[in-house]
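The block underneath contains the structure these notes are about, expressed in structure tokens.
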Amino acid sequence: MAPSAQQQLEIEGQGRRESAVVSNGAADEAVAGGAKSRVTVVGSGNWGSVASKLIASNALKLPSFHDEVRMWVFEETLPNGEKLSEVINQINENVKYLPGIKLGKNVVADPDLEHAVRDANMLVFVTPHQFVEGICKRIAGKIRKDAEAISLIKGMEVKMEGPCMISSLISQELQINCCVLMGANIANEISVEKFSEATVGYRGNKEIAERWVQLFNHPYFMVSAVQDVEGVELCGTLKNVVAIAAGFVDGLEMGNNTKAAIMRIGLREMKAFSKLLFPSVKDSTFFESCGVADLITTCLGGRNRKCAEAFARNGGKRSFDELEAEMLQGQKLQGVSTAKEVYEVLRHRGWLELFPLFATVHEICSGHYPPSAIVEYSDHTPKFSLLEGSARIL
Ligand SMILES: NC(=O)c1ccc[n+]([C@@H]2O[C@H](COP(=O)([O-])OP(=O)(O)OC[C@H]3O[C@@H](n4cnc5c(N)ncnc54)[C@H](O)[C@@H]3O)[C@@H](O)[C@H]2O)c1
Ligand SMILES: O=P(O)(O)OC[C@H](O)CO
């Protein structure tokens with residue numbers, strides 16, 4: 001007999017608890033075999049720094065990890081002439097990307113990329129997506145053969161042969177397995193230990209996923225794992241496009257109902273696009289932290305939303321590059337470039353009319369439409385019925 005709705009919720013809750021506390025077995029085995037894992041975080045921006053803090057705190061507590069967590073820093077010189085990596089090591093704080101937060105004494109900032117990754121068997125990738133390919137090319141053949149990777153990066157690349165998710169790019173370039181971790185995770189909130197959840201997406205090997213869950217899980221950062229790497233990664237990637245749309249609505253002062261409508265339409269396009277690209281993507285993934293929860297938090301409080309609001313307030317007269325540089329002080333937006341990448345896929349595959357919201361976001365960002373087009377073209381056009389058709393097929 002099929003479980004009742006209540007039973008189903010209990011089963012799902014059980015699964016979540018299992019994922020959140022798993023791995024003591026795997027960890028004990030690793031220690032018994034004398035194989036402590038060494039973790040390197042590739043990236044030290046806003047989220048990269050917070051991820052390092054989370055990992056460093058767990059590495060100290062869990063016997064199956066080396067205490068030291070290496071964090072690769074894209075070196076830069078601060079206005080006072082000091083090197084960022086040196087300041088991080090002196091005061092245990094990323095003064096540029098996460099000021100005021102101690103990372104943990106066991107975080108070692110390393111500006112030498114090859115050196116930082118050389119001894120690690122757990123590689124955490126967390127840079128803006130546009131830099132990943134170059135980074136992978138620099139370290140290919142210079143990492144441990146038994147290394148495992150996880151990507152916290154929300155974005156995609158579009159190649160001649162089609163779209164390429166960042167986890168696939170890492171896998172292909174480095175010849176290693178790559179899981180993903182996405183969720184409703186505004187880094188500044190997690191840095192002060194406010195409760196949030198995240199989702200690990202994995203392909204086949206559940207034990208590896210459990211190891212990642214163990215590395216990240218905290219009482220204030222509850223991680224669960226689902227076997228749907230593409231679904232999890234596409235949620236994290238595509239929500240940034242919807243966040244831009246939400247920012248336009250805020251900049252135009254259209255109110256909460258309009259913003260909720262944009263989020264609903266956006267979620268539906270996220271699901272339809274993901275399933276057209278990867279039919280294996282599961283509906284249930286959209287109800288995890290990486291799905292609807294990330295969409296909500298990003299449309300309320302993210303950087304993409306914030307810059308898009310300013311773009312609309314200025315009537316599209318100031319470019320996103322200018323606004324990003326002024327408002328984010330070195331942090332990077334992912335939504336504008338992702339909208340362009342998604343648009344390329346839609347155009348190439350003849351799907352533009354199926355995804356009016358995604359397409360309109362790119363048209364506005366690139367100056368072809370005014371910000372107000374977000375409600376004129378995102379839904380009520382005849383094109384929309386095609387999306388309905390596609391949604392029914394899916
Ligand atoms: N910040 C968040 O709240 C958050 C939360 C979840 C996921 N993410 C995702 O994590 C990823 C990384 O974001 P972030 O917030 O850590 O970074 P960020 O936006 O703070 O980006 C700045 C980082 O890029 C580095 N950088 C600049 N030029 C570079 C170059 N040429 N090569 C390599 N690195 C360069 C900078 O040194 C800095 O570390 C993104 O995909 C983002 O969407 C961010
Ligand atoms: O600040 P944003 O817009 O890059 O979003 C941050 C995170 O992805 C929210 O989960």
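Just so you know, these numbers come straight off a predicted model, no measurement behind them. Position 1 is the first residue of the sequence, and the numbers go up from there. Heavy-atom basis, side chains included; hydrogens, waters and symmetry copies ignored. Counting convention: from 1, in listed order, for ligands and their atoms alike.
Ligand 1 places these atoms under 4.0 Å from at least one heavy atom of Gly330: 22 (C). Annotation for ligand 2: atoms under 4.0 Å from non-hydrogen atoms of Gly183 are 10 (O). The contact set between ligand 1 and Leu152, taken as ligand atoms under 4.0 Å from a residue heavy atom, comprises 7 (C), 9 (C), 10 (O). The distance from ligand 1 to the heavy atoms of Ile153 drops below 4.0 Å at these ligand atoms: 41 (O). Distances below 4.0 Å separate heavy atoms of Ala187 from the following atoms of ligand 1: 1 (N), 2 (C), 3 (O). Which parts of ligand 1 touch Ile186 is read off a 4.0 Å heavy-atom cut-off, strictly below it: atoms 3 (O). Each of the following atoms of ligand 1 lies closer than 4.0 Å to a heavy atom of Glu76: 37 (O).
Ligand 2 lies out of reach of Gln334, whose nearest heavy atom is not under 4.0 Å from it. Assignment of Gly155 to the shell around ligand 1 is not supported, since no heavy atom sits closer than 4.0 Å. Assignment of Gly236 to the shell around ligand 2 is not supported, since no heavy atom sits closer than 4.0 Å. Proximity of Met182 to ligand 1 is not established, as no heavy-atom distance is less than 4.0 Å.
In terms of modelled atom types and a separation under 3.5 Å, the side chain of Thr77 and the main chain of Lys83 share no donor-acceptor contact. Listed for the Ser168 side chain is no donor-acceptor partner under 3.5 Å among the backbone atoms of Cys164.
Across the listed options Phe125, Phe74, Tyr97, Tyr97 owns the non-hydrogen atom lying nearest to atom 38 (C) of ligand 1. With distances taken over non-hydrogen atoms, the option nearest atom 3 (O) of ligand 2 out of Asn304, Leu333, Ile153 is Asn304.
Not a single N or O atom of Asn240, backbone or side chain, sits closer than 3.5 Å to an N or O atom of ligand 1. Ligand 1 has no nitrogen or oxygen under 3.5 angstrom from a nitrogen or oxygen of His129.
If you look at Lys239 next to ligand 2, the close heavy atoms, those under 4.0 Å, all belong to the side chain. The residue Arg305 has no part lying near ligand 2, judged by heavy-atom distances below 4.0 Å.
For the pair Glu189 and Lys194, the salt-bridge criterion is not met [side-chain N within less than 4.0 Å of a carboxylate O]. Under the 4.0 Å criterion applied to side-chain N and carboxylate O atoms, Glu324 and Arg303 are not assigned as salt-bridge partners. A salt bridge is defined here as a Lys NZ or Arg NE, NH1 or NH2 lying under 4.0 Å from an Asp or Glu carboxylate O, and Glu341 with Lys159 fails to meet this definition. A salt bridge links Glu68 to Arg70: at least one charged side-chain nitrogen sits closer than 4.0 Å to a carboxylate oxygen. Salt-bridge formation is not detected for the pair Lys306/Asp250: no Lys NZ or Arg NE/NH1/NH2 atom is positioned less than 4.0 Å from an Asp or Glu carboxylate oxygen.
For Phe248 and Phe311, the ring centers sit closer than 6.0 Å to each other.
Among protein heavy atoms, the minimum distance from atom 4 (O) of ligand 2 is reached at Arg303 NH2, 3.0 Å. Looking from atom 10 (O) of ligand 2 to the surrounding protein, the closest heavy atom is Asp294 OD1, 2.6 Å. For atom 43 (O) of ligand 1, the nearest non-hydrogen atom of the protein is Gln334 CG, 3.4 Å.
Looking at Lys259 and Arg305, their side chains come closer than 4.5 Å, going by heavy atoms from C-beta outward.
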